[in-house]
Each structure stands twice: as C-alpha cells, then as structure tokens.
*Asks:* 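For reference, the structure I am asking about is given below.
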Number of protein chains: 2
Amino acid sequence: MTASPWLDDEQQQTWRAWLDVNARLFARISRELQATDGLSLQDYDVLVALTDVPDGSVRMRDLGVKLQWEKSRLSKHLTRMAARGLVARRECYDDRRGSFVELTEEGLAAIRAAAPGHAALVREVFFDGLSGEQVRELGRICATVLERLGDEG
Amino acid sequence: MTASPWLDDEQQQTWRAWLDVNARLFARISRELQATDGLSLQDYDVLVALTDVPDGSVRMRDLGVKLQWEKSRLSKHLTRMAARGLVARRECYDDRRGSFVELTEEGLAAIRAAAPGHAALVREVFFDGLSGEQVRELGRICATVLERLGDEG
DNA sequence: CCGAGATGGTTGACACATCATCTTTGTCGA
DNA sequence: TCGACAAAGATGATGTGTCAACCATCTCGG
C-alpha cells in the first residue's frame, strides 16, 4: 500500500482485455441462448442448479448459497420463472418460513433442449482456441483469484 | 459439430471457475467503488473514457463505439450522469443530429478521487496473486478468445 | 416459557440494460 | 435537386439487480 497504486502497462492491458473478453463473451452467449432457447443465462444457471440435485427440488436458501445470489434477486427471479412454468414453489413443513423450488416438466425439457447448444458454443468461442496447458493455467489463475476474493464474495 | 458438444471435466471446471471469478470480481469491485466514491462501474468507465481524450469532450457516437455500448444505453446513462453533474452535453454544430459529452469539474474530481483506490483494489485482488508469466499468459488467452469472438461482439 | 435477536423470504423504490420505435438530420445516387 | 435510405440520438415498455424495510418464524439464553 505504500507503493504506487497504479497498474503497470502490462497489467493495464491485460486488465482491459479481461474486462473486454468478459463483456463480449457474456453478451454473445446470452444473446444466443435467448434467441435459440428463450432462456436467459440466469434462467440457465437456475435450471442447472436444479438438475444438479437428485429430485430437482431445493430450498431457496440453499439455492441462493449455491448460486451466490442475493435473496431478493433469487426470490424475484423465481417468481418470474414460476410464472413461465419453468419451476414451481412448494411449501416447507420443517421450517414454515422456508420454501422449496422444484423443476417442472417444462423446466426439465427447456434445460435439456438448451444444454448441448450452449456447451457447443462455449467450446467454440472459448476452449477450441486454447491449448490444454492454457486451460490448466487459466484454471490455476482463476483459483488463485477466487482465493484472494475470500469466501465471502 | 459431429463430435460430442460437451465439455470435458477440466473444461467444465475451468469454465465454472471463470464464471465464478467474474461474478465475484465484478461484485466486489463494483460494491467497493460505490461505497467509497459513490460511482458505479459504468460511471467509472464513462469517466475514464472522457479523461482519455485531451479536452474531455467526445461525440456520443464515438463514446458508444469506444465503450461498446448500445446507443440507448449510452443515452440513458449520460442523462443520469448529467443530472448528477458529472458530465454535460453540448451541441454539435457540424452534424446537427449529434451531440458532445464533456467532463465537468465535478466529474473530473470524482474520477481523480476514485482512480487510485480502484487501481489498488484491482491489484490487490487480481494481480498481486499472479506471476508475471501468468499475467502474460492470461493476456494471450484473452487475445485469443477476443479474436474468436470476432470484431462484432 | 418468554422475549431478544437471528433467519427465510417477499416487497417497493430505484438504478440499469434491451428492444422497438420515433424524430431529426445527413448522404448519395438517379 | 429530390427522394430513398442511413445515421445520431431520445424515449417508452419491460426485464432484471440492489438496497432497505418488512413480516413471519425459529432459536436460545435467562
């Protein structure tokens, strides 16, 4: 903290490239997913999280932890998804404050339809240009930064 | 396209880590900037773009190209920023459809106040954990992906 | 058992992004 | 020069994220 706070040229350049890649990657994938499957990237994340558990049913609270979403964000997004029939809410009898979210038939169909195209796109724009060693290095880099960000985001 | 569209385990893991890093990094930096300087990351980007030019005055159109923002996004954001006194609009006499945006004293003061802390935070959570070689490799990776994304985002 | 505080979830106000559409103005070829 | 088309920017509708406040319920120490 005593030294200059500034980034050197190389860092500056890398940082801008990082931001740029992310913005474009996100925009591209998100637009594609919306156009071909009618899902937002956030819908996709929720559906994936729900298919990750055996019976497709999770407590809101746990879903929030898993996705690292604020509770109000989760609540509102699920309301919208429920209105579209992709998920359903179920009461929680153990803890009457709580509630479960479960995958509907429609939601399952949607994620099944979207997943292959999504994965293919990610490969096409991201992984197909990188060597195995680059992918490993990138994995290490991300792990390092995640560590520095701490357990709380 | 004939092969399986899926990602292998290593790719899967790296992809999730990448998404996670981005979400958290963005959240952290954005929250910090808002809390300490009252600026959103988007405000910051606009102000940086304006300080990049000698007289702190740019055509909307050029600003849009530089930031890669949709024109309506730019228009609305600048309206909000102008209402807060960070920027001002000026007429364009060459092309009467157009308009200029210029940095105000307040805007300049805001970016000057915010920049050091922002840069320090980026270094702290991002670069300080990485070796020079990792930074260079990351730069190459970003460049590759940017290329694959094409000139249009 | 009770009351203070923590927790789960929803809601309202507002910041922000996107899409479609509109107005004004510029451009360029017939 | 005029008329079609493109470009610059603003705007309204809608979807989404954040923050703060809220209600209901749970938990736990006294």
Side-chain angles (χ1 to χ4, degrees), chain A residues 22-24 26-35 38-46 57-84 86-102 152-153, chain B residues 22-46 57-84 86-102 153:
Chain A
N22 274 103
R24 295 205 198 186
F26 184 83
R28 169 74 182 278
I29 291 178
S30 157
R31 222 176 328 105
E32 206 107 339
L33 191 59
Q34 185 70 58
L39 294 176
S40 70
L41 216 35
Q42 300 92 298
D43 298 334
Y44 191 88
D45 289 342
V46 169
S57 175
V58 192
R59 280 280 304 258
M60 289 273 290
R61 178 195 38 167
D62 300 329
L63 191 53
V65 171
K66 180 162 189 163
L67 294 172
Q68 296 256 146
W69 283 15
E70 308 229 340
K71 55 189 185 169
S72 79
R73 175 181 182 186
L74 190 61
S75 173
K76 288 179 184 184
H77 201 87
L78 288 178
T79 300
R80 289 188 295 260
M81 289 182 74
R84 293 194 286 149
L86 296 170
V87 300
R89 285 179 210 262
R90 201 157 40 73
E91 269 193 64
C92 173
Y93 296 107
D94 295 357
D95 181 342
R96 307 201 46 82
R97 295 168 301 182
S99 76
F100 278 95
V101 195
E102 60 185 16
E152 325 310 322
Chain B
N22 274 102
R24 294 205 199 185
L25 201 51
F26 184 85
R28 169 74 181 275
I29 291 177
S30 155
R31 221 175 330 107
E32 206 107 339
L33 191 60
Q34 185 70 57
T36 66
D37 301 282
L39 295 176
S40 70
L41 217 34
Q42 299 93 299
D43 297 334
Y44 191 88
D45 290 341
V46 169
S57 174
V58 192
R59 281 273 313 251
M60 288 273 290
R61 178 195 38 166
D62 300 329
L63 192 52
V65 170
K66 180 161 188 163
L67 294 172
Q68 296 257 142
W69 283 15
E70 308 229 339
K71 55 188 183 170
S72 79
R73 176 184 181 183
L74 189 61
S75 173
K76 289 179 181 181
H77 201 88
L78 288 178
T79 299
R80 287 187 298 260
M81 288 182 74
R84 292 195 287 149
L86 296 169
V87 299
R89 286 178 210 262
R90 201 158 39 72
E91 269 192 64
C92 174
Y93 297 106
D94 295 356
D95 181 344
R96 306 201 47 80
R97 295 167 302 180
S99 75
F100 280 94
V101 195
E102 60 185 17

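Lettering follows sequence order; numbering is per chain, from 1. The figures that follow rest on heavy atoms only: side chains count, while hydrogens, waters and symmetry mates do not. Computed from a prediction, not measured in an experiment: that's the story for all the values here.
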*Asks:* For R89(A) and R97(A), take the nucleotide of DNA chain C holding the closest heavy atom to each; which residue's nucleotide lies nearer the 5' end?
*Replies:* R97(A)

*Asks:* Could I get a table of every N or O pair under 3.5 Å where one atom is in the protein and the other is in nucleotides 16-20 of chain C?
*Replies:*
| from | atom 1 | to | atom 2 | distance (Å) |
| --- | --- | --- | --- | --- |
| dC16(C) | OP1 | S40(B) | OG | 3.3 |
| dC16(C) | OP2 | R80(B) | NE | 3.1 |
| dC16(C) | O3' | Q42(B) | NE2 | 2.9 |
| dA17(C) | OP1 | Q42(B) | NE2 | 3.1 |
| dA17(C) | OP1 | R73(B) | NE | 3.3 |
| dA17(C) | OP1 | R73(B) | NH2 | 2.7 |
| dA17(C) | OP2 | R73(B) | NE | 3.4 |
| dT18(C) | O4 | K76(B) | NZ | 2.8 |
| dC19(C) | OP2 | E70(B) | OE2 | 3.4 |
| dC19(C) | N4 | S72(B) | OG | 3.0 |

*Asks:* Among residues at least two apart in sequence or on other chains, which ones pass side-chain hydrogen bond (donor to acceptor under 3.5 Å, both in side chains) with R73(A)?
*Replies:* none

*Asks:* Quick check for you: name the first and last nucleotides of DNA chain D, 5' to 3', having an atom under 4.0 Å from a heavy atom of chain A.
*Replies:* dT16(D) to dC26(D)

*Asks:* Quick one: list whatever passes ring pair (Phe, Tyr, Trp, His ring centres under 6.0 Å) with Y44(B), sequence neighbours left out.
*Replies:* H118(B)

*Asks:* Closest nucleotide of DNA chain D for K71(A) versus for R96(A): which of these residues is on the 5' side?
*Replies:* K71(A)

*Asks:* Check every strand shown and say whether T79(B) touches a base, only sugar-phosphate, or nothing at a heavy-atom separation below 4.0 Å.
*Replies:* nothing

*Asks:* How far does CZ of F100(B) sit from CG of D95(B), to the nearest 0.5 angstrom?
*Replies:* 9.5 Å

*Asks:* Kindly calculate the angle separating the two end axes of the helix from dC1(C)-dG30(D) to dA30(C)-dT1(D), each obtained from five base pairs, and round it to 10 degrees.
*Replies:* 10°

*Asks:* Which pair of non-hydrogen atoms, one from H77(B) and one from V46(B), has the smallest distance, and what is that distance?
*Replies:* CD2-CG2, 4.4 Å

*Asks:* Looking at CZ of R80(B) and OG of S40(B), how far apart are the two atoms once the value is rounded to the nearest 0.5 Å?
*Replies:* 8.0 Å

*Asks:* For the pair made of CZ in R61(A) and P in dT10(C), what is the distance, rounded to whole Å?
*Replies:* 14 Å

*Asks:* Which residues pass the salt bridge (Lys or Arg N to Asp or Glu O under 4.0 Å) test with E32(B), not counting sequence neighbours?
*Replies:* R28(B)

